[in-house]
Chemist: 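Got a structure for you, written out below as structure tokens; questions coming shortly.
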Amino acid sequence: SSSVTTTTISSGTSSAALEAQLQSLLALLANLEAQDAKQGIPAPGATVTPPLFTKTLYLGVSGSDVKRLQEFLAENPTIYPEGKVTGYFGALTLKAVQQFQKKYGIAKSGDPGYGNVGPLTRAKLNNLIEQGTTP
């Protein structure tokens, strides 16, 4: 339910009138962008944050969350040298998660949750993604 406003400018229009029309158009643009934002449509030039991790991931699970995890970890070859993006959390992904956890001091061998993407690991992953930083 958008309306389109047509504005005609004649050659004899004063600069004050042009300024008023410009302000009116800018207000209309802001209104349209606000409507788009309510509908989840990003404004032109807006950065769209990738989906953040919300689920616990562990050996044996599969799906789009695991695929996103693999894609992100693969950005750092020291953490995930194989860089396989399969959507399945197997031995290579487990090893990569463990490397990530050791790098950031989240967990180490023998700790509960070592190799699982639980709350602390998710928080660090999400923080790095929000900052636009590679792992």
Side-chain angles (χ1 to χ4, degrees):
S1 66
S2 299
S3 64
V4 176
T5 304
T6 305
T7 304
T8 306
I9 301 170
S10 69
S11 60
T13 307
S14 71
S15 62
L18 286 174
E19 181 64 28
Q21 286 180 327
L22 177 61
Q23 292 306 317
S24 172
L25 289 171
L26 289 172
L28 177 62
L29 179 61
N31 186 17
L32 290 172
E33 285 177 344
Q35 287 176 15
D36 286 349
K38 286 181 191 169
Q39 296 172 16
I41 302 167
T47 57
V48 179
T49 305
L52 300 178
F53 295 99
T54 58
K55 297 177 185 169
T56 298
L57 304 174
Y58 48 88
L59 190 63
V61 300
S62 59
S64 60
D65 289 335
V66 175
K67 187 175 180 183
R68 277 200 330 265
L69 172 68
Q70 292 167 331
E71 289 169 347
F72 185 66
L73 294 177
E75 291 178 24
N76 184 336
T78 62
I79 288 179
Y80 192 22
E82 300 82 4
K84 293 192 180 237
V85 178
T86 62
Y88 176 75
F89 196 128
L92 296 177
T93 306
L94 175 70
K95 193 171 121 188
V97 169
Q98 291 170 339
Q99 285 295 115
F100 178 85
Q101 290 173 323
K102 283 191 277 190
K103 176 179 178 177
Y104 291 100
I106 298 166
K108 61 186 183 314
S109 183
D111 288 349
Y114 183 58
N116 293 341
V117 180
L120 295 176
T121 304
R122 279 197 313 269
K124 187 61 183 178
L125 287 165
N126 291 338
N127 178 261
L128 292 173
I129 290 168
E130 286 169 351
Q131 292 175 8
T133 307
T134 57

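Start at 1 with the first residue, then count along the sequence.
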Chemist: Any chance you could measure Thr54, atom OG1, to Asp65, atom CG, to the nearest 0.5 Å?
Modeler: 5.5 Å
Chemist: With side chain to side chain contact (heavy atoms under 4.5 Å, CB included) as the test, would you mind laying out the steps for Val97 and Phe89 before giving the verdict?
Modeler: CA-CA 10 Å; Val97 169; Phe89 196 128; 3.9 Å; yes
Chemist: Looking at every non-hydrogen atom in both residues, tell me the closest pair between Leu125 and Phe53 and how far apart they are.
Modeler: CB-CD1, 3.9 Å
Chemist: Locate the shortest heavy-atom distance separating Ala74 from Gly83; write the atom from each residue and the value.
Modeler: CB-CA, 3.8 Å
Chemist: With sequence neighbours left out, write down each residue that passes ring pair (Phe, Tyr, Trp, His ring centres under 6.0 Å) with Tyr58, or none if nothing qualifies.
Modeler: none
Chemist: Quick one: do Leu73 and Leu92 end up in the same hydrophobic cluster if we chain Ile, Leu, Val, Met, Phe, Trp and Tyr together by side-chain heavy atoms under 4.5 Å apart?
Modeler: yes
Chemist: Atom OG of Ser62 and atom NZ of Lys67: how far apart are they, to the nearest 0.5 Å?
Modeler: 12.0 Å
Chemist: Consider only side-chain N and O atoms of Gln99 and Lys102, and report whether a donor and an acceptor are under 3.5 Å apart.
Modeler: yes
Chemist: Can you get from Ile129 to Val66 by hopping between Ile, Leu, Val, Met, Phe, Trp and Tyr side chains that sit under 4.5 Å apart?
Modeler: yes
Chemist: Is the number of heavy atoms from other residues, nucleotides or ligands within 6.0 Å of NZ (Lys103) greater than 12?
Modeler: yes
Chemist: Report whether Leu94 and Leu69 are members of the same hydrophobic cluster (ILVMFWY, side-chain heavy atoms less than 4.5 Å apart, transitive linking).
Modeler: yes
Chemist: Is there a path of hydrophobic side-chain contacts, each under 4.5 Å between heavy atoms of I, L, V, M, F, W or Y residues, that connects Ile106 with Leu128?
Modeler: yes
Chemist: Can you tell me how far apart CD (Glu82) and OG1 (Thr93) are? Round to the nearest 0.5 Å.
Modeler: 9.0 Å
Chemist: Quiz question: by atom type and distance under 3.5 Å, do the side chains of Asn127 and Gln131 form a donor-acceptor pair?
Modeler: yes
Chemist: Which residues pass the ring pair (Phe, Tyr, Trp, His ring centres under 6.0 Å) test with Phe100, sequence neighbours left out?
Modeler: Tyr104
Chemist: Within this structure, what is the CD-CD distance for the pair Gln70 and Glu75, rounded to the nearest 0.5 Å?
Modeler: 13.0 Å
Chemist: For residues 107-124, dump all side-chain donor-acceptor pairs below 3.5 Å to protein atoms at least two apart in sequence or in another chain.
Modeler:
unit_1: Asp111; atom_1: OD2; unit_2: Lys108; atom_2: N; d: 2.9
unit_1: Thr121; atom_1: OG1; unit_2: Gln101; atom_2: NE2; d: 2.9
unit_1: Arg122; atom_1: NH1; unit_2: Thr56; atom_2: OG1; d: 3.0

Chemist: Look at the side-chain heavy atoms of Ile, Leu, Val, Met, Phe, Trp and Tyr, link any pair under 4.5 Å apart, and say whether Tyr80 and Val61 land in one connected group.
Modeler: yes
Chemist: To check you understand the geometry: which heavy-atom pair defines the closest contact between Leu52 and Arg68, and what is its length?
Modeler: O-NH2, 3.3 Å
